[in-house]
Amino acid sequence: MLDYIHQVFADLVANNLLPEMFSYGFLINALIASLMIGPLLGALGTLVVVKRLAFLSEAVGHSALTGVSIGILLGEPITAPWISLFAFSVLFALVLQWVRGRTTVPYDALIGVFLSFALALGAALLMFVAKFVNAHLVEQVLFGSVLMAAASDIQVLLIMFVLVITLAWRFGNQAFLVALAPDIAHNNKISVKLHDYGFVLLIALVTVAAVKIIGAILVGALLLIPAASARLITHDLRSMVLCSVAISTFSAVAGVLIPMHLQLAIATGPAIILCACACFVMTLILHGARGKTAHA
C-alpha cells in the first residue's frame, strides 16, 4: 500500500502536477504520518484542555527521552527503540495515575514532580548515551525529523489511529462526560477511575507514536496548542473537537512541507509547533475582534 502511494506521487511529479520534493519517499512518509498525527493529537488535546492536564502530556513526552536512552543501552536501534519507548512511557503514565489516587498532593504539583524526574533522568541518560551514538541521531529524537519517518513508524501510527478512532466511537461521549461532570458520570454507573487510567494510557501510547516526527520535547505542545486555539473561537464541545483536529492537522502538514519547500534547515518538530503557534495567535486575534464587536 505504501509503495503504491509513493508511485502515485512519483507519477504526479513526473507529470509536473506536484513539485519535485514530492518524489522523495521520506517526505511522503512524513506527510502520511502527519495526516494521522494531526487528528490524533487534535482530538485527544481537547480532553487534555477540558481536564486541565496540560502538564500531563509534557511529562509523558519527556518520559520518552528516558525510554529512548534505556532502549539504546539495552541494544535497541536508536531509530526504532519501540519496546523501551512504549514500556517506559506507559509505566510512567500508569504510575503517575496510581500515585494520584493515593496522595493528597494537588495533581498539577504531582505532575510537576514526575515531569522534573522524567526530564532529569532523560537528560542524564542521554548525555551518557551520546558517547556511544551519533549526536545528530539523539537530536532527531529530541526535536523530530522528517528523515525518521520510516514504514515501521507509519505502521505504529496507523495502529494508534485505528485504536483511537475505535475508542472515540465507542466511548467518546462517556469520556467527555467524565471530564466535564465526573459526579454525574459516576451516578450513571460509568467507571470514572477506569476512564482516567484509560486516558493517561492513551496519551502515553499516542505520544510515543508521534515522538519520531515531532520529537520527545515538543510532542506535548501539539496536544495543547490546537485545543487551546479551538477553545478561543468555538462555543460547544463538538465544534471545539473538530476545530482542534483541523488546526492540529494543518500544523502537522504545514510543518512538514514548508521547510522542505523553502529549503529551511529546521527540524520537523519545531516547524510543526511554530505553525500551531501561528494558528493560536490568529485565533487569539479573532477572539479579541469578536470581543470588541460584542461590546460595540
Point to revise | Derivation and outcome, side chain to side chain contact (heavy atoms under 4.5 Å, CB included), residues Met160 and Leu202 | key: CA-CA 9 Å; Met160 292 297 104; Leu202 206 56; 6.0 Å; no

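Applying the ring-ring contact (aromatic ring centres under 6.0 Å, His included) criterion to Phe92, with sequence neighbours excluded, gives Phe114.
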Return a table of donor-acceptor pairs under 3.5 angstrom between the side chains of residues 248-258 and protein atoms on other chains or two or more places apart.
| unit_1 | atom_1 | unit_2 | atom_2 | d |
| --- | --- | --- | --- | --- |
| Ser248 | OG | Gly38 | O | 2.9 |
| Thr249 | OG1 | Val245 | O | 2.7 |
| Ser251 | OG | Ile247 | O | 2.8 |
| Ser251 | OG | Ala276 | N | 3.4 |

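Here salt bridge (charged side-chain N to carboxylate O under 4.0 Å, His left out) pairs that include residues 186-201, with residues two or more places apart or in two chains, are Lys51-Asp196. Within the structure, no pair that satisfies the side chain to side chain donor-acceptor pair (under 3.5 Å) test touches residues 159-172, not counting sequence neighbours. Annotation: side chain to side chain donor-acceptor pair (under 3.5 Å) contacts involving residues 218-238, sequence neighbours excluded, comprise Asp236-Ser239. Pairs of residues two or more places apart, or lying in two chains, never qualify as salt bridge (charged side-chain N to carboxylate O under 4.0 Å, His left out) while including a residue from residues 249-275.
The two residues Leu41 and Ala210 come nearest to each other via the heavy atoms CD1-CB, 4.4 Å. Closest approach of Phe161 and Leu40 over heavy atoms only: CA-CD2, 3.7 Å. Contact between Val192 and Pro182 at its shortest, heavy atoms only, is CG2-O, 3.6 Å. Summarising the geometry of Leu218 relative to Gly269, their closest heavy-atom pair is CD1-C, 3.6 Å, with the distance given to 0.1 Å.
One hydrophobic cluster holds both Phe280 and Ile233 under the rule that ILVMFWY side chains link at heavy-atom gaps under 4.5 Å. One hydrophobic cluster, built from ILVMFWY side chains closer than 4.5 Å, cannot hold both Val281 and Ile272; they sit in different ones.
Looking only at atom types and distance, the side chain of Asp3 has no donor-acceptor partner in the side chain of Gln7 under 3.5 Å away.
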